[in-house]
Amino acid sequence: MTCGNGPAAGTHALSDLSWTSAVNGWGPVERDRSNAEQAAGDGRTLTVNGTTYAKGLGTHAGSTITYYLGGSCTTLTTGVGVDDESGGANGSVVFQIYRDGTKVADSGRLTGADASRDLTAALTGGLELRLVVTDGGDGINYDHADWTAPRLTCT
């Protein structure tokens, strides 16, 4: 799905693309699954406030996932939220999207009691996309953070 200059033209589910690096606060980043525990592939269906998602990335604070764009992408749209496996109102995180070194979207603090929040990030001309999850200021316990249905549009 990618060429030497970045993703091919079209709209892509971000979880179908290869990242250039991924660092996660608890176990590995999961494709189309929640973060769950320490083993790869041990997550469940991505679920935020009772709504399930077939596509996305399951992470845990603090995490950073980097994708090479090659200047060919224009927009990222995604939902973000604390996965229900965190147990009700537990967990608090902040989702941030960076185009190269510039922050282009920020969710503000979200907890397990919040519904998924929609983010849109302008990426035109960017060489690199970084998805960052930080703790909400109270440590990383229960901070299972989902990027729900992320869609990358490229030209």
In chain order, what residues pass the side chain to side chain contact (heavy atoms under 4.5 Å, CB included) check against [X], with sequence neighbours excluded?
| X | value |
| --- | --- |
| K55 | A13, S15, D16, D32 |
| A89 | A113 |
| T78 | V80, I97, L119, W147, P150 |
| D106 | V94, Q96, K103 |

L57, V93: one ILVMFWY side-chain cluster at the under-4.5 Å cut-off?
yes
Give a yes or no on whether L131 and V48 share a hydrophobic cluster (residues Ile, Leu, Val, Met, Phe, Trp, Tyr; joining criterion: side-chain heavy atoms under 4.5 Å apart).
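Hydrophobic grouping puts L131 apart from V48.
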So which pairs with a foot in residues 30-56 pass ring-ring contact (aromatic ring centres under 6.0 Å, His included), sequence neighbours left out?
none
Minimum heavy-atom separation for A122 and R99, please, with both atom names.
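Distance-wise, the nearest heavy atoms are O-NH1, 2.9 Å.
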Scanning both residues in full, the closest heavy-atom pair of S34 with E85 reads OG-OE1, 2.7 Å
Look up atom [atom1] in [X] and atom [atom2] in [Y], then write down how far apart they are to the nearest 0.5 Å.
| X | Y | atom1 | atom2 | value |
| --- | --- | --- | --- | --- |
| N35 | D143 | CG | CG | 10.5 Å |
| R130 | D100 | CZ | CG | 9.0 Å |
| N90 | H144 | CG | NE2 | 10.0 Å |
| D84 | T45 | CG | OG1 | 11.0 Å |
| L46 | E30 | CG | CD | 9.5 Å |
| T74 | L152 | OG1 | CG | 7.5 Å |

Hey, which of L129, V133, V29 is the one that makes side-chain contact (heavy atoms from CB on, under 4.5 Å) with I65?
V29
Disulfide bond (SG atoms under 2.5 Å apart): pairs with one or both residues in residues 62-155, sequence neighbours excluded
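For residues 62-155: C73-C154.
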Test S92 against every option in T111, D138, T134 by the side chain to side chain donor-acceptor pair (under 3.5 Å) rule and name the one that passes.
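Among the candidates, only D138 passes.
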Does NZ or CZ of R31 come closer than 6.0 Å to the centre of the six-membered ring of W19, within 45° of the ring's axis?
yes
